[in-house]
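Computation of the quantities below employed the complete heavy-atom set of this structure, encompassing side-chain atoms and omitting hydrogens, waters and symmetry-equivalent molecules. Worth saying up front: this structure is predicted, and the values here are computed from it rather than measured.
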Amino acid sequence: MPLRARPGTPKVMSDMSSGVASGTPEITVTKLLESEDTDKQEREKRELLIILKDLAGRLEHELKSVVAFWDSYSLDSEYNGYLSCLDYDGTVYDTTKYTIPIAKQAYMYSKLYNTCDGYRTEQVLVQAQLGGEFLIRHCHRSHDNRCFSAITREGKPLEIRPDFEAEVYFTMAMFELHYATKQANYLARGEAVLRAVLAWAKDPSPLMQSISPPNCSLKRLAGVLRMLLAVAEGNRDKVRQLRDEFAWVVKHILLHIKRENAVVLEEISHKGEELHTAKGREVIPGNVLEVGWMLLRYSQLASKKELRKEVLKVFIDNMFSVSWDSRNGGILTSLDADGLSPRKLTWGVKQWWTITEAMIALMLAYRQTGDRKYLTNFSKAFDYAMVHFREVGGEWYGYLDTEGRVTHTFKGSHKKGCFHVPRCLWFCCKIVKEIINMGGVEK
């Protein structure tokens with residue numbers, strides 16, 4: 001049964017020509033129409049360029065505002081690392097440090113340093129290493145390549161989680177820091193944890209106290225694909241070097257497509273079969289959309305056109321259509337594949353990371369296809385985010401109720417750090433500038 005959205009609320013002209021006097025060039029209606037079409041296309045192209053230049057300016061300005069918030073309030077110059085638990089005005093409300101936000105922020109600073117002229121400064125590099133050194137000294141256990149999930153401000157370990165999400169982001173940070181600094185230590189740490197994560201992805205049971213074989217999780221697979229793309233750094237040669245790893249994760253992601261390509265389920269059995277439970281019917285739009293745009297990137301780098309067609313239809317078109325709240329706007333957090341009431345009490349909450357994944361997916365789909373519907377839907381998502389999530393003081397709020405009202409006034413937490421919002425703004429701005437440099441030509 002197809003996944004159901006929750007309720008919310010050419011003219012054909014014949015070619016005519018007439019006779020003309022001898023010696024007079026023949027001008028047919030067809031030629032006139034072709035000339036008018038050319039003029040119309042040029043006019044639309046100019047209008048598109050104006051729209052894209054304005055959009056690039058908005059994205060760039062917002063990125064500066066968001067990064068400035070984290071620059072001002074999160075850096076811990078005394079103990080290294082970053083403090084992620086920040087209230088709306090930057091006040092620290094919890095000094096506990098968390099590996100995932102630290103690794104994300106170190107990755108983001110390094111990415112900006114490596115790719116944006118405006119951020120290629122000594123200050124940004126120092127800020128990236130502030131997180132990198134804390135990760136190495138206090139978060140990573142070299143004897144088994146596990147990472148502590150929570151640490152005191154000074155660096156004493158507090159807890160470790162039964163998954164490998166922290167290790168995924170640690171790996172991403174190490175590789176991006178290596179690209180920025182060329183320091184061998186970052187590369188060695190990154191490669192060691194990369195190998196461990198790939199092993200855990202194929203058999204997560206050593207990390208999980210599970211009686212039966214653990215289910216296949218789209219979130220876990222998304223982490224592996226995210227890590228591989230970060231390691232490959234958009235380089236076709238590196239994609240080829242990791243082709244077996246990419247092939248494995250893509251194959252297992254596609255197993256989550258069920259019901260004649262109508263739905264992408266969050267969890268399936270370890271044998272790849274649908275689970276006939278409430279948990280088995282769960283669909284997480286943010287995860288589907290993120291996997292969608294990452295598969296688009298991979299399909300382009302690996303020249304897999306058929307994969308791209310499937311991803312556009314199933315992961316992006318279908319998912320955005322059923323997850324967009326037609327009554328209140330925004331992306332719903334959770335759906336039930338049978339259209340029943342989702343089991344998560346927070347299903348109707350609008351979250352910052354979900355809308356940013358949708359924005360990236362739509363902009364990348366537009367870049368690869370030239371289909372205006374993706375630009376239209378991107379504008380819808382971006383406008384919603386700027387009205388509801390954005391706050392003048394930099395960085396976005398993270399949580400809204402179903403109707404779009406802010407429910408939590410903090411801007412950083414153990415989950416929310418300097419990553420989803422700046423990554424989205426940076427990546428979308430990068431794509432828009434690429435289209436502008438092409439002259440606004442849609443593919």
task = Rounded to the nearest 0.5 Å, what's the gap from CG on L265 to CD1 on I284? Could you check?
result = 10.5 Å
query = Is any side-chain heavy atom of F378 less than 4.5 Å from a side-chain heavy atom of Y366?
reply = no
ask   = Would K344 and D336 pass as an ion pair if we require N to O under 4.0 Å?
value = no
inquiry  = As a quick check of understanding, evaluate salt bridge (charged side-chain N to carboxylate O under 4.0 Å, His left out) for K111 and E233, giving each step before the final call.
reply    = CA-CA 10 Å; K111 176 63 75 174; E233 184 60 12; 3.0 Å; yes
key: Nearest heavy-atom neighbours spanning P342 and S334   = CG-O, 3.7 Å
request  = Can you see which heavy atom on T409 is nearest to which on Y88, and at what distance?
outcome  = O-CB, 3.1 Å
ask   = Are R327 and D325 within salt-bridge range, i.e. N to O under 4.0 Å?
value = no
message = Under a 3.5 Å cutoff, is there a donor and acceptor pairing between the side chains of H140 and N145?
response = yes
query = Distance from Y384 atom OH to I355 atom CD1, nearest 0.5 Å?
reply = 7.0 Å
task = Determine yes or no for a side-chain-to-main-chain donor-acceptor pair under 3.5 angstrom, with T407 supplying the side chain and Y399 the backbone.
result = yes
message = Using ring centroids (six-membered ring only for Trp), state whether W293 and F427 fall under 6.0 Å.
response = yes
request  = Examine the side chains of R226 and Y169 and answer whether a donor and an acceptor come within less than 3.5 Å of each other.
outcome  = yes
T354 to I331 - nearest heavy-atom pair and separation = CG2-CG2, 3.2 Å
note = Here the gap from T171 atom OG1 to R195 atom CZ, rounded to the nearest 0.5 Å, amounts to 10.5 Å
ask   = Which is it for K433 and E60 under the salt bridge (charged side-chain N to carboxylate O under 4.0 Å, His left out) test, yes or no, and what are the steps along the way?
value = CA-CA 10 Å; K433 287 183 177 181; E60 200 162 38; 2.7 Å; yes
Sub-4.5 Å side-chain heavy-atom contact between L254 and F315 = yes
query = Would a 4.5 Å heavy-atom cut-off, applied to side chains only, mark E434 and R367 as touching?
reply = yes
query = Taking the six-membered ring for Trp, are the ring centroids of Y298 and F246 within less than 6.0 Å of each other?
reply = yes
Pairwise side-chain contact, S149 with I100, heavy-atom cut-off 4.5 Å (strictly under) = no
request  = For residues E176 and Y109, determine if any side-chain heavy atom of one lies less than 4.5 Å from a side-chain heavy atom of the other.
outcome  = no
request  = Could you list all the salt bridge (Lys or Arg N to Asp or Glu O under 4.0 Å) pairs where at least one residue sits in residues 393-422, not counting sequence neighbours?
outcome  = E391-K411, E395-K416, D401-R405, E403-R405
ask   = Regarding E357 and W352, is there a side-chain donor-to-acceptor distance under 3.5 Å anywhere?
value = no
task = Measure across V392 and S65 and return the closest heavy-atom pair with its distance rounded to 0.1 Å.
result = O-OG, 4.3 Å
message = So does T91 get a backbone contact from the side chain of Y73, meaning a donor-acceptor N/O pair under 3.5 Å?
response = no
inquiry  = With heavy-atom distances below 4.5 Å as the criterion, would you say the side chains of D94 and Y98 are in contact?
reply    = yes
remark   = In short, G223 meets V168 closest at the heavy-atom pair O-CG1, 3.4 Å
ask   = If you draw the axis of the six-membered ring of W200, does the NZ or CZ of R220 fall within 45° of it and under 6.0 Å from the ring centre?
value = no
key: Face-on cation placement of K97 at F134 ring, 6.0 Å and 45° thresholds   = yes
message = Please determine whether a side-chain nitrogen of the Lys or Arg among E62 and R58 lies less than 4.0 Å from a carboxylate oxygen of the Asp or Glu.
response = no
note = In this structure, CZ of R297 is separated from CG of L225 (nearest 0.5 Å) by 9.5 Å
message = side-chain contact (heavy atoms from CB on, under 4.5 Å), that's the test. Do F170 and I102 meet it? Break it down for me.
response = CA-CA 9 Å; F170 178 90; I102 292 173; over 6 Å; no
query = T402 side chain to V349 main-chain N or O, any donor-acceptor pair under 3.5 Å?
reply = no
ask   = Rounded to the nearest 0.5 Å, what separation is found between the CG atom of L295 and the CD1 atom of I253?
value = 5.0 Å
request  = Indicate whether any N or O donor in one side chain lies under 3.5 Å from an N or O acceptor in the other, for W426 and T115.
outcome  = yes
query = Atom CD1 in I435, atom CE in M363: separation rounded to 0.5 Å?
reply = 6.0 Å
query = Hey, does the side chain of R243 reach the backbone of R240 with a donor-acceptor pair shorter than 3.5 angstrom?
reply = yes
message = Please determine whether side-chain contact (heavy atoms from CB on, under 4.5 Å) holds for the pair L301 and K238, giving the CA-CA distance in whole Å, both sets of side-chain angles, and the decisive distance to 0.1 Å.
response = CA-CA 10 Å; L301 291 168; K238 291 180 180 177; over 6 Å; no
request  = With the side chain counted from C-beta on, respond yes when M319 and W324 share a heavy-atom pair under 4.5 Å apart, and no when they do not.
outcome  = no
key: Trace of the side-chain contact (heavy atoms from CB on, under 4.5 Å) decision for F164 with L207   = CA-CA 8 Å; F164 52 77; L207 308 180; 3.9 Å; yes
inquiry  = Between R146 and R161 (side chain of the first, backbone of the second, donor and acceptor by atom type, cut-off under 3.5 Å), is there such a pair?
reply    = yes
query = Would E133 and Y186 satisfy side chain to side chain donor-acceptor pair (under 3.5 Å), going step by step from the backbone distance to the final call?
reply = CA-CA 9 Å; E133 293 305 313; Y186 293 131; 2.7 Å; yes
message = Please determine whether the number of non-hydrogen atoms from other residues, nucleotides or ligands lying under 6.0 Å from atom NZ of K64 exceeds 12.
response = no
ask   = Side chains of K219 and E267: does their closest heavy-atom pair fall under 4.5 Å?
value = no
key: Under 3.5 Å side-chain donor-acceptor pair for T181 and Q129   = no
query = Given S413 and Y93, is the side-chain contact (heavy atoms from CB on, under 4.5 Å) satisfied, shown in steps?
reply = CA-CA 9 Å; S413 68; Y93 64 83; 3.5 Å; yes
inquiry  = Strictly below 4.0 Å, N to O, side chains only: are E282 and K279 in salt-bridge contact?
reply    = no
